[in-house]
Student: 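Can you read through this structure? Questions will come right after.
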Amino acid sequence: MPELPEVETTVRGLAKVLLGRELRRVELRRADLRRAFPAGLGQRLTGARVTRLGRRGKYGLIGTDRGDTMVFHLGMSGKWRIDPKEIGPHDHLLLETDEDLIVVLNDPRRFGSVDLVPTAELDDWGPLAELGPEPGDISTADLRERLRGRAAPIKSLLLDQRIVAGLGNIYVCEALHRAHINPKRSAGRLSPASAERLADAIRDVIGEAIEAGGSTLRDYARPNGELGYFSKRFAVYDREGQPCLSCEAPVRRIVQGGRSTFYCPKCQR
DNA sequence: AGATATTCCTGGAGGC
DNA sequence: TGCCTCCAGGAATATC
């Protein structure tokens with residue numbers, strides 16, 4: 001589920017109920033997700049006050065007044081449920097606030113992660129330090145510089161979080177379609193005009209998706225915590241064989257680096 | 001450097 | 001209805 005816009009929407013939803021609150025109770029309902037929960041997570045969070053909700057790439061950040069920041073990644077199936085009616089089998093981490101409100105990290109596939117990092121060291125913490133720029137900030141010049149000399153297909157490189165942080169399979173496909181770039185094109189061989197269209201497309205696609213996610217914030221508080229993608233807005237993703245929204249040629253699906261790529265062979269040459 | 005495969009998991013979709 | 005296979009929004013790791 002989660003790429004950057006979904007994480008951003010999640011963080012905004014969590015901010016409404018967590019920001020400024022004291023965490024009265026922390027319950028670990030299992031010992032690990034992708035990795036073990038950090039040692040002492042419960043003790044270090046219990047009694048702490050939440051001072052910040054943030055995001056970097058696909059990582060969500062929950063800062064506390066104890067000098068720690070909880071860093072979460074939602075993996076493939078992670079989501080936060082706000083004030084659920086009941087706790088289910090995939091509810092792995094539970095936070096209860098001083099307003100008696102419960103938020104739960106739910107992740108059936110358990111590809112997600114939770115870490116606790118000293119806030120002062122956050123920017124230097126390995127996984128965050130390696131991330132490329134935020135897609136909302138990417139400039140044409142910066143993007144060109146990062147792609148320069150790279151022979152790999154542009155699709156594959158855009159999935160690399162060190163190039164641009166936060167893009168996933170869906171929004172990479174969508175951005176390339178908007179920019180009229182063939183996903184197989186060698187990244188370092190993009191024309192300046194193409195690179196500019198790509199930087200614009202990345203900014204626009206992500207911006208619109210956040211905006212769309214933002215409009216579901218009201219619904220976010222539902223106990224099932226479903227966010228959902230605005231799939232009707234996808235021009236190519238998961239639309240194999242269906243007509244391209246621009247030119248009506250059938251959308252094609254190929255596999256690159258083991259991941260599905262959807263594109264329009266006519267618009268994206 | 002790049003490409004490919006594999007791994008971690010569960011659940012939903014579709015075939016028979 | 002049930003059983004099977006395949007596939008999925010991520011990302012680290014190994015191997016050629």
Side-chain angles (χ1 to χ4, degrees), chain A residues 1-11 29-37 55-60 71-81 88-93 104-115 125-132 135 146-177 183-189 202 205-206 208-210 212-213 216 224-241 253-262:
Chain A
M1 184 172 180
E3 297 183 29
L4 185 155
E6 290 68 38
V7 179
E8 178 64 28
T9 303
T10 295
V11 162
R29 299 181 54 80
R30 58 174 297 124
D32 59 74
L33 292 179
R34 176 184 204 43
R35 307 186 300 270
F37 284 128
R55 179 193 59 72
R56 178 75 175 95
K58 298 175 195 170
Y59 291 89
V71 183
F72 66 85
H73 194 293
L74 297 175
M76 292 275 263
S77 60
K79 65 194 76 71
W80 283 92
R81 306 204 300 148
H90 303 304
D91 292 328
H92 307 307
L93 174 64
V104 172
L105 179 59
N106 175 283
D107 186 2
R109 291 177 71 179
R110 305 206 299 271
F111 287 179
S113 63
V114 171
D115 291 281
W125 183 62
L128 295 188
E130 301 234 331
L131 293 177
R146 288 167 183 279
L147 300 179
R148 195 169 54 133
R150 302 294 299 267
I154 183 64
K155 160 73 189 319
S156 302
L157 280 192
L158 288 179
L159 283 177
D160 184 337
Q161 303 296 296
R162 295 169 296 189
I163 305 288
V164 183
L167 298 181
N169 207 27
I170 293 178
Y171 295 112
V172 166
C173 291
E174 293 297 313
L176 287 171
H177 178 260
K184 292 178 281 191
R185 172 64 65 63
S186 166
R189 297 220 165 94
I202 289 171
V205 163
I206 291 296
E208 287 171 29
I210 288 175
T216 62
N224 61 17
E226 282 172 16
L227 275 176
Y229 283 84
F230 278 67
S231 47
K232 61 185 166 193
R233 307 190 81 168
F234 297 157
V236 287
Y237 183 79
D238 203 23
R239 295 192 63 240
E240 181 180 14
R253 173 184 178 272
I254 60 175
V255 175
Q256 294 176 287
R259 312 286 303 276
S260 287
T261 298
F262 299 89

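Chain letters run A, B, ... following the sequence lines, proteins first and then strands; every chain starts at 1.
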Student: Which whole number of Å gives the distance between the C1' atom of B:dA3 and that of C:dG9?
Tutor: 22 Å

Student: Can you find a side-chain donor-acceptor pair between A:R34 and A:S113 that sits under 3.5 Å?
Tutor: no

Student: Hey, is the side chain of A:H73 poking within less than 4.0 Å of OP1 or OP2 on C:dA11, counting only N and O atoms?
Tutor: yes

Student: Other residues, nucleotides and ligands only: do more than 12 of their heavy atoms fall within 6.0 Å of CZ on A:R189?
Tutor: no

Student: Would one find a side-chain N or O of A:K58 under 4.0 angstrom from OP1 or OP2 of C:dA11?
Tutor: yes

Student: To the nearest angstrom, how far is A:F234 atom CZ from C:dA8 atom P?
Tutor: 14 Å

Student: Can you tell me the Watson-Crick or wobble partner of C:dT13, both distances under 3.5 angstrom?
Tutor: B:dA5

Student: To the nearest Å, give me how far apart CD (A:E240) and C1' (C:dC6) are.
Tutor: 14 Å

Student: Just call it for A:R162: base, sugar-phosphate, or nothing, with non-hydrogen atoms closer than 4.0 Å on any strand.
Tutor: nothing

Student: Please determine whether any donor N or O and acceptor N or O are separated by less than 3.5 Å between the side chain of A:R110 and the base of B:dC8.
Tutor: no

Student: Mind listing the closest non-hydrogen atom pair of A:P2 and A:S77 along with its distance?
Tutor: CD-N, 4.5 Å

Student: Base, sugar-phosphate alone, or nothing: which one does A:S260 contact when heavy atoms must sit under 4.0 Å apart?
Tutor: sugar-phosphate

Student: Under 4.0 angstrom, heavy atoms only, what part of the nucleic acid is A:Q161 near: base, sugar-phosphate, or nothing?
Tutor: sugar-phosphate

Student: Give me the atom names and distance for the closest heavy-atom approach of A:I202 to A:P135.
Tutor: CG2-CB, 3.5 Å

Student: Describe the nucleic acid contact of A:G168 in one word from base, sugar-phosphate, nothing, applying a heavy-atom distance below 4.0 Å.
Tutor: sugar-phosphate

Student: Out of C:dA12, B:dG2, C:dG10, which has the shortest distance to the side chain of A:Y59?
Tutor: C:dA12

Student: So, is A:R253 near the phosphate of C:dA8, with a side-chain N or O under 4.0 Å from OP1 or OP2?
Tutor: yes

Student: Check whether any side-chain N or O of A:R259 sits under 4.0 Å from OP1 or OP2 of C:dG9, and answer yes or no.
Tutor: yes

Student: Ignoring backbone atoms, establish whether A:R109 has a side-chain N or O less than 4.0 Å from OP1 or OP2 of B:dG11.
Tutor: no

Student: In whole angstrom, give the distance that lies between atom CG of A:D107 and atom P of C:dA8.
Tutor: 18 Å

Student: With rounding to whole Å, what would you report as the distance between B:dC9 and C:dC3 at their P atoms?
Tutor: 24 Å

Student: Report yes if at least one side-chain N or O of A:Y171 is closer than 4.0 Å to OP1 or OP2 of C:dG9; otherwise report no.
Tutor: no

Student: Can you check the A:D238 CG to C:dA8 C1' distance for me, whole Å?
Tutor: 9 Å

Student: Report yes if the ring of A:F111 lies under 5.5 Å from the six-membered base ring of B:dC8 with planes under 30°, and no otherwise.
Tutor: yes

Student: To the nearest Å, give me how far apart OH (A:Y237) and P (C:dA8) are.
Tutor: 7 Å

Student: Rounded to whole angstroms, how far apart are CD on A:Q256 and P on C:dA8?
Tutor: 13 Å

Student: Go nucleotide by nucleotide along DNA chain B from the 5' end; which of A:H90 and A:R34 gets its closest nucleotide reached first?
Tutor: A:R34

Student: Provide the closest heavy-atom pair for A:G57 versus A:L4 in the form atom of the first, atom of the second, distance.
Tutor: O-CG, 3.9 Å

Student: What integer distance in Å separates A:L131:CG from C:dG10:P?
Tutor: 14 Å

Student: Provide, to the nearest angstrom, the distance between the CZ atom belonging to A:R30 and the P atom belonging to B:dT10.
Tutor: 8 Å

Student: Taking only Lys NZ, Arg NE, NH1 and NH2, and the carboxylate oxygens of Asp or Glu, determine whether A:D238 and A:R253 approach each other closer than 4.0 Å.
Tutor: no

